[in-house]
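Following: one structure in C-alpha cells, then a few remarks.
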Amino acid sequence: DAKTTQPPSMDCAEGRAANLPCNHSTISGNEYVYWYRQIHSQGPQYIIHGLKNNETNEMASLIITEDRKSSTLILPHATLRDTAVYYCIVRVPPLFGNEKLTFGTGTRLTIIP
Amino acid sequence: DVKVTQSSRYLVKRTGEKVFLECVQDMDHENMFWYRQDPGLGLRLIYFSYDVKMKEKGDIPEGYSVSREKKERFSLILESASTNQTSMYLCASSLLAGVKSGELFFGEGSRLTVL
C-alpha cells in the first residue's frame with residue numbers, strides 16, 4: 001500500500017470549512033483513498049473513500065487531484081464535535097480478502113470556538 | 001445499528017498473567033482486526049482474520065496470539081502480559097473484499113494496564 005503524509009496538527013475556527021490535506025505521491029492506479037477520524041476515547045470512524053472522482057456524503061467531501069498524488073478532506077462547516085484525529089489511508093481493495101489495512105499517525109484537528 | 005462490542009473497557013493485570021480480550025460483531029463480517037494504539041505511534045495492526053480459524057500476522061504480532069472459532073468473535077490473547085503491552089486495544093470488522101472492505105467498523109476500545 002502507498003505511503004501517505006499528513007500534517008501532524010491543524011486548527012480551524014468553528015463554522016469555517018476545515019480542509020485536511022493528504023499526500024500520496026506514490027499511489028498506484030487501483031488504490032483507493034479512505035478517510036477515518038477518531039474522536040478522543042472512541043474507536044476510529046469511517047468517513048469517506050474515493051478513487052479519482054470527487055466524493056461527498058453527509059459527513060464530508062473528498063477532493064482528489066487529477067494526478068491522484070494528493071487529496072483533501074473537507075468538513076464544510078466545522079463544529080466542536082469535529083475535533084479529532086483524521087487518518088488518510090490508501091489501499092487496493094482486495095478481490096479475495098486476506099489484506100490488512102494500515103493506519104498512520106494522522107492529523108490532529110482542533111476546532112477553535 | 002451495526003455494532004462491534006469489546007468485552008472490557010478497562011482492565012488492570014499483573015505481569016505474567018494471561019489476558020483475553022474479546023470482540024464480537026453483529027454485522028456478519030468476514031474480516032476482523034486487532035489494533036493497539038499508543039501515543040505518538042498511531043494505530044498498529046497486531047493480527048487480523050478473514051475467516052473462521054484463519055489468522056494473519058499484522059505489523060506487531062510478537063507477544064500476542066488470536067483465536068477465531070466463530071465468525072462473529074475474535075479474541076486477542078496475551079499469553080504472559082508484560083508492562084510494554086499496556087495500551088489501548090481496538091477491535092474492528094469489515095466485509096471480506098472489494099471497496100467496502102476498507103470500511104472498518106471499530107469497537108470502543110479496551111484500555112489495558114499491566115502492572
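Only a predicted model underlies this, so the values are computations on that prediction, with no experimental measurement involved. We use all heavy atoms of the structure for the numbers below, so side chains are in, but hydrogens, waters and symmetry mates are not.
- Contacts from residues 74-82 of chain B to chain A, taken as heavy-atom pairs separated by less than 4.5 Å, involve no residues at all.
- Among residues at least two apart or in separate chains, salt bridge (charged side-chain N to carboxylate O under 4.0 Å, His left out) pairs with a member in residues 30-45 of chain B are B/Arg36-B/Asp38, B/Asp38-B/Arg44.
- One hydrophobic cluster, built from ILVMFWY side chains closer than 4.5 Å, cannot hold both B/Phe105 and B/Tyr47; they sit in different ones.
- Connection of A/Val85 to A/Ile89 is established within a shared hydrophobic cluster, with ILVMFWY side chains joined at heavy-atom distances below 4.5 Å, either directly or through further cluster members.
- Here the closest heavy-atom approach between residue B/Leu90 and residue A/Pro44 is recorded as CD1-CD, 4.1 Å.
- Using a 4.5 Å cut-off between non-hydrogen atoms, the part of residues 107-115 of chain B that approaches chain A consists of B/Gly107, B/Glu108.
- Sorted by first and then second residue, the salt bridge (charged side-chain N to carboxylate O under 4.0 Å, His left out) pairs with a member in residues 53-78 of chain A form an empty list; sequence neighbours excluded.
- B/Leu21 and B/Val24 sit in two unconnected hydrophobic clusters of ILVMFWY residues. Membership requires side-chain heavy atoms under 4.5 Å apart, directly or through other members.
- Under the 4.5 Å side-chain contact rule for hydrophobic residues, B/Met32 and B/Leu95 do not share a cluster.
- With a threshold of 4.5 angstrom between heavy atoms, B/Leu43 approaches chain A through its backbone and through its side chain.
- Minimum interatomic distance between B/Ser101 and A/Arg91 (heavy atoms only, all atoms of both residues): OG-NH1, 3.0 Å.
- The distance from atom CD of B/Glu103 to atom CD1 of A/Ile47, rounded to the nearest 0.5 Å, is 12.0 Å.
- Chosen from B/Met54, B/Met88, B/Gln37, the residue pairing most often with chain A at heavy-atom distances under 4.5 Å is B/Gln37.
- Rounding to the nearest 0.5 Å places CZ of A/Phe103 at 5.5 Å from CG of B/Leu104.
- Annotation for A/Arg16: atom CZ does not count as buried by contact number, only 12 or fewer foreign heavy atoms lying within 6.0 Å.
- Top candidate by heavy-atom pairs under 4.5 Å with chain A, chosen from B/Leu45, B/Leu41, B/Val99, is B/Val99.
- No continuous path of ILVMFWY side-chain contacts below 4.5 Å connects B/Tyr35 to B/Tyr10, so the two sit in separate hydrophobic clusters.
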